[in-house]
Amino acid sequence: MVIDVLERGDLLFPRSLPEFQRMFPNEAACAAYLERARWGDGFVCDHCGSPGEPYRFANRPGVCRCRHCNRDASLTAGTVMERTHTPLSV
Ligand SMILES: [Zn+2]
């Protein structure tokens, strides 16, 4: 999956490190941005295709759990960040 945020009018893109640090002060801010990039029209389950607001976990900002099938969709699945434990903000 390729998501080009530069072509997305609804997503600001940081132009400098200070700007980056303002936009992404913590993991939750990173996760919210990735979520908008991935599911701009709202969450859709990767597994069963159901739309709707997913469950979220405060201690796992990269994970959305489908309320329909109870499976987890990772914000980083299919990206270079998929199997890393490096924080999103890094
Ligand atoms: Zn589902």
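Residue numbers start at 1 and run along the sequence shown. Indexing begins at 1, ligand by ligand and atom by atom, following the structure's order.
- Between atom CD of residue E82 and atom CG of residue L75 there is a gap of 12.0 Å, rounded to the nearest 0.5 Å.
- By the 30° and 60° cut-offs, the orientation of the rings of F43 relative to W39 is perpendicular.
- Within a radius of less than 2.8 Å around the Zn ion (ligand 1), the protein N, O or S atoms are C45 SG, C48 SG, C66 SG, C69 SG.
- With contacts defined as side-chain heavy-atom distances shorter than 4.5 Å, the pair L12/E19 does not qualify.
- For the pair P54 and R67, the minimum side-chain heavy-atom distance is 4.5 Å or more.
- Under a hydrophobic-cluster definition in which Ile, Leu, Val, Met, Phe, Trp and Tyr are linked whenever side-chain heavy atoms come within less than 4.5 Å, directly or via other members, L88 and F24 are assigned to different clusters.
- Note: R38 CZ to T79 OG1 = 7.5 Å, rounded to the nearest 0.5 Å.
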